[in-house]
**Q** 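First, the structure itself, so that you have it in front of you.
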2 protein chains.
Amino acid sequence: MATTKYSRQREAIKEYLSHSKEHPTADTIYMDIRETYPNISLGTVYRNLNLLVDKGEVMKIIGMDGSDRYDGNTQHHYHFLCNKCQRVLDIDMDSIDRINDIANKNFPGKVEGHVTYFYGKCNECE
Amino acid sequence: MATTKYSRQREAIKEYLSHSKEHPTADTIYMDIRETYPNISLGTVYRNLNLLVDKGEVMKIIGMDGSDRYDGNTQHHYHFLCNKCQRVLDIDMDSIDRINDIANKNFPGKVEGHVTYFYGKCNECE
DNA sequence: GCTTATAATAATAATGATTATTATTTTAAC
DNA sequence: GTTAAAATAATAATCATTATTATTATAAGC
């Protein structure tokens, strides 16, 4: 795959993710985009999601239940996983990068970053 | 399943995990325990791992590649995921629970805890 | 120690998410 | 417009995990 050609399906996926706040799974994206493109294939959704993740235009989040979810916002931000409704929500707080330094002091290899998920109950489930 | 009966297979899994520092996958555990119990079944390994996780005797770690790994040490400690060899290693550092408070101040629901993975290159891969 | 009820097992089938294959269709350069 | 390369839809294949079921092991009561 030398050059990347335009595809309306990929555009639809980008468009969809840029407006979604739901951190959807590949299957959810597939189901929803089928409303506009009735014969888009699930394989196409997966392939384009991986492509967009590789290009850094989309972020993949692995939930604590192991499910892959996608986020159109690639700016660094924290995620909250609700133990009850299993939704993934955003937390708007400053990055705590200094914990990388703490980790580096206590580890022989090279710590380049960290991934933190918060969990608990969202306000709707409380 | 009212009461839990003894099984030598489950004991072997506990024993194995209590000595392992490798954070093995279910399949690795299966392969290794087959040396001593040649006809243990992979289903038995999975069932007992889930049982031990439910009882809190074993910890399940979901790696960034989505693979499930198991840890016999249930004391809180941080994990490091090597981007190159995909191994999961321990980092010996104090818990940074105060970030839960920071998150709680910035989130409408109830933050009960967090999971943090560090990543980068381990000293063998550097 | 023997009987009996129940849990655990081994073997295997089933499931679910993701990736690979392939013939056909789109895209975009010439 | 032609043409080569990339993307697609449909489908098959893969991989990890869970479910099913007939058989075996455990442990309690006699």
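So you know, we letter chains A, B, ... as the sequences are listed, proteins then strands, and number each from 1. All heavy atoms count here, side chains included; hydrogens, waters and symmetry mates do not.
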**Q** Which of the following nucleotides, D:dT8, D:dA10, C:dA10, is nearest to the side chain of A:S41?
**A**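 Side chain of A:S41 sits closest to D:dA10.
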**Q** Check the distance between C:dT26's P and A:I40's CD1 and give it to me in whole angstrom.
**A**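 One finds 14 Å between P of C:dT26 and CD1 of A:I40, rounded.
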**Q** Taking atom CG of B:D101 as the centre, report whether more than 12 heavy atoms of other residues, nucleotides or ligands fall under 6.0 Å from it.
**A** yes
**Q** Return no unless some side-chain N or O of B:N50 is found under 4.0 Å from OP1 or OP2 of D:dT18.
**A**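 Yes, within the criterion.
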**Q** Would you mind classifying the nucleic acid contact of A:D68 as base, sugar-phosphate or nothing, using non-hydrogen atoms under 4.0 angstrom?
**A** sugar-phosphate
**Q** Is B:I62 close to B:Y117 at the side-chain level, that is, under 4.5 Å between some pair of heavy atoms?
**A** yes
**Q** So which nucleotide from C:dT18, C:dA8, D:dA7 ends up closest to the side chain of A:L42?
**A** C:dT18
**Q** In this structure, how many angstroms lie between the P atom of C:dA8 and the OH atom of B:Y6, rounded?
**A**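 Whole-Å distance recorded here is 13 Å.
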**Q** Between atom OH in A:Y37 and atom P in C:dT25, what is the gap in whole Å?
**A**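 Atom OH in A:Y37 sits about 19 Å away from atom P in C:dT25.
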**Q** How long is the line joining NZ of A:K55 and P of D:dA6, in whole Å?
**A**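 It works out to 14 Å between those atoms.
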**Q** Hey, can you tell me if B:H77 and B:H23 have their rings parallel, tilted or perpendicular (30° and 60° cut-offs)?
**A**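 Geometry flag for B:H23 against B:H77: tilted rings.
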**Q** Would you please confirm or rule out a distance under 4.0 Å between OP1 or OP2 of C:dT26 and any side-chain N or O of A:Q9?
**A**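 For A:Q9, the contact criterion (side-chain N or O under 4.0 Å from OP1 or OP2 of C:dT26) is not met.
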**Q** Whether B:R8 contacts D:dT26 is assessed here as follows: a side-chain N or O lying under 4.0 Å from the phosphate OP1 or OP2. Is that the case?
**A** yes
**Q** Establish, with yes or no, whether the OP1 or OP2 oxygen of D:dA7 is under 4.0 angstrom from a side-chain nitrogen or oxygen of A:R47.
**A**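 No, because none of the side-chain N or O atoms of A:R47 sits under 4.0 Å from OP1 or OP2 of D:dA7.
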**Q** With side chains defined as the heavy atoms from C-beta onward, is the minimum distance between A:Y78 and A:L89 less than 4.5 Å?
**A** no
**Q** If hydrophobic clusters are built from ILVMFWY residues whose side chains come within less than 4.5 Å, do B:I96 and A:F80 share one?
**A**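 The answer is yes; both residues are in one hydrophobic cluster.
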**Q** Give the rounded distance in Å between these two atoms: OH of A:Y46 and C1' of D:dA9.
**A** 16 Å
**Q** Would you mind reading off the distance between B:Y30 atom OH and D:dT18 atom P, rounded to a whole angstrom?
**A**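 For the pair B:Y30 OH and D:dT18 P, the rounded distance is 16 Å.
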**Q** Pick the nucleotide of DNA chain C nearest each of B:P38 and A:T25; which residue has the one closer to the 5' end?
**A**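 Here B:P38 is the residue nearer the 5' end.
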**Q** Taking any heavy-atom pair under 4.0 Å as a contact, classify A:D27: base, sugar-phosphate, or nothing.
**A** nothing
**Q** Closest to the A:A26 side chain: D:dT26, C:dT18, D:dT8?
**A**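 Nearest listed nucleotide: C:dT18.
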**Q** Calculate the interatomic distance between B:K5 atom NZ and C:dA5 atom P; express it in whole Å.
**A**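 These atoms are roughly 12 Å apart.
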**Q** Given atom CG of A:N39 and atom C1' of C:dT25, what is their separation to the nearest angstrom?
**A** 12 Å
**Q** When you check the phosphate oxygens OP1 and OP2 of D:dT8, does a side-chain N or O of A:N48 lie under 4.0 Å from one of them?
**A**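 The answer is yes; a side-chain N or O of A:N48 sits under 4.0 Å from OP1 or OP2.
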